[in-house]
Amino acid sequence: MSLEVTQHHKLQYAASVQMVAQQTKNPFQSAVTPAPASGEAQSVSDLLDAVEYSRGKEKSRRNPENPVTGSRRWAVLPEPVETGQYITKEDKFRTATDPTSSYVRAHTMAVNRGRADLILGISKGTDGKFSVTEGGVLGIAREGKTPGTGTPLPASQYLDNGGTGLELAKLITAVEMLNLADFGLEDNMDELFCAITPKQKTDLLNIAAASKINLNAFQIQQLETGKPTTLMGITWIFTNRCPLKKGTADIRLNPVWAKSNIVEAEWQAVKGEMWNDTSAKNLPYAYVSSYTDVVRAQDKGVVVIESKEA
């Protein structure tokens with residue numbers, strides 16, 4: 001059997017990757033505000049200070065002049081989140097364009113995990129541990145008239161662990177801070193989300209029990225299976241990718257954020273491509289990539305709870 005990649009193979013592989021990407025979206029996808037992007041950089045927000053309305057005067061012919069203050073935050077065309085693999089066997093080539101094949105699913109899900117890391121603002125080190133980097137909920141936001149200056153999340157947006165895990169008092173304080181900054185108040189589009197690990201899931205169940213919150217069967221099942229669950233006004237996303245506080249081995253960072261405040265600028269959605277690589281004995285090569293950048297519009301729209309793990 002020939003291993004030549006035809007136009008049919010290219011179209012079929014692209015369609016299969018698109019299908020799997022839609023079926024296996026990372027859980028953080030619904031916790032951000034999507035925005036199309038083009039060019040080298042995209043201004044995602046001029047809204048670093050709140051805008052208030054003004055009252056007009058009767059019979060006035062003047063247009064209201066109420067410019068947004070504050071500096072811009074930027075999404076910058078990033079390096080791709082990518083993965084790929086050569087196809088060296090005929091039987092693998094026959095199934096490579098099948099959406100149920102390991103080639104399609106494994107590589108598509110890998111790129112989806114990469115997009116999830118961009119949303120959190122983390123990267124995975126060679127030691128397998130995650131740390132805060134640029135962009136996203138936790139990372140450095142680019143700011144200024146043109147992109148360049150990096151602005152880390154201020155220390156005032158962190159709640160000290162206090163030697164304890166995830167507690168009700170910390171949750172109340174985090175939500176209060178966000179509400180006082182006008183996040184999570186105005187409409188259903190401004191939902192609040194929090195990322196926690198299985199350790200904090202146990203804390204959350206203990207909080208619910210201690211607070212005498214009645215969990216229905218559906219909520220219990222969602223919690224047990226690790227699916228996004230809304231409880232106490234927050235949608236909880238379960239993940240093993242929450243980073244540790246720098247310089248610690250047992251202090252987990254659990255960010256709480258408003259959906260409206262995290263902008264995902266997308267230059268290219270998850271896309272699959274296939275071709276024959278003439279530099280590698282003309283072997284078929286299956287490639288999956290995506291171009292996105294994620295930025296928080298305002299620092300006050302994120303509060304990080306520090307949770308000590310036993």
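Computed over heavy atoms, backbone and side chain alike; hydrogens, waters and symmetry mates excluded. Source: prediction; values computed, not measured.
- Taking all atoms of both residues into account, the shortest heavy-atom contact from Gly84 to Tyr285 is CA-OH, 3.3 Å.
- By the 4.5 Å heavy-atom criterion applied to side chains, Leu178 and Val175 are not counted as neighbours.
- A ring pair (Phe, Tyr, Trp, His ring centres under 6.0 Å) check over residues 113-143, counting only residues at least two apart or in different chains, returns nothing.
- Val270 has its side chain within reach of Val288: a pair of non-hydrogen atoms, C-beta onward, lies under 4.5 Å apart.
- Through chains of ILVMFWY side-chain contacts below 4.5 Å, Trp267 is grouped with Leu77, Tyr291.
- In this structure, the side chains of Phe28 and Leu120 come closer than 4.5 Å at one or more pairs of heavy atoms.
- Checked against side chain to side chain contact (heavy atoms under 4.5 Å, CB included), Ala14 has no partners two or more places apart in sequence or in another chain.
- Contacts of Thr100 classified as side chain to side chain donor-acceptor pair (under 3.5 Å), with partners at least two apart in sequence or in another chain: Asp98.
- Residues Thr33 and Ile262 have side chains not in contact (no heavy-atom distance under 4.5 Å, counting atoms from C-beta outward).
- The pair Arg252-Glu309 counts as a salt bridge, with a side-chain nitrogen and a carboxylate oxygen less than 4.0 angstrom apart.
- Atom OG of Ser290 sits about 4.0 Å away from atom CZ of Arg115, to the nearest 0.5 Å.
- Here the side chains of Leu3 and Glu90 are in contact, with some heavy-atom distance below 4.5 Å.
- Pairs of residues two or more places apart, or lying in two chains, that qualify as side chain to side chain donor-acceptor pair (under 3.5 Å) and include a residue from residues 120-139 are Glu134-Arg142.
- Annotation: side chain to side chain contact (heavy atoms under 4.5 Å, CB included) contacts of Asn276 (sequence neighbours excluded): Glu4, Val5, Asn282, Pro284.
- For Tyr287, the side chain to side chain donor-acceptor pair (under 3.5 Å) partners are Glu82, not counting sequence neighbours.
- Scanning for side chain to side chain donor-acceptor pair (under 3.5 Å) contacts around Gln29 gives Asn26, Glu264, with sequence neighbours left out.
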For residues 159-172, dump all side-chain donor-acceptor pairs below 3.5 Å to protein atoms at least two apart in sequence or in another chain.
| from | atom 1 | to | atom 2 | distance (Å) |
| --- | --- | --- | --- | --- |
| Asp160 | OD2 | Gly162 | N | 2.9 |
| Asn161 | OD1 | Gly163 | N | 2.7 |
| Asn161 | ND2 | Glu306 | OE1 | 3.4 |
| Thr164 | OG1 | Asn161 | O | 3.1 |
| Thr164 | OG1 | Glu167 | OE1 | 3.3 |
| Thr164 | OG1 | Lys170 | NZ | 3.2 |
| Lys170 | NZ | Asn161 | O | 2.8 |
| Lys170 | NZ | Thr164 | O | 3.0 |
| Lys170 | NZ | Gly165 | O | 2.8 |
| Lys170 | NZ | Glu306 | O | 2.9 |

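- Take Ala269 and apply the side chain to side chain contact (heavy atoms under 4.5 Å, CB included) test, not counting sequence neighbours, and it matches Glu266.
- For the side chain to side chain donor-acceptor pair (under 3.5 Å) test, no residue two or more places apart in sequence or in another chain qualifies with Tyr158.
- The salt bridge (Lys or Arg N to Asp or Glu O under 4.0 Å) pairs that include a residue from residues 99-111 number zero, where partners must be two or more places apart or lie in different chains.
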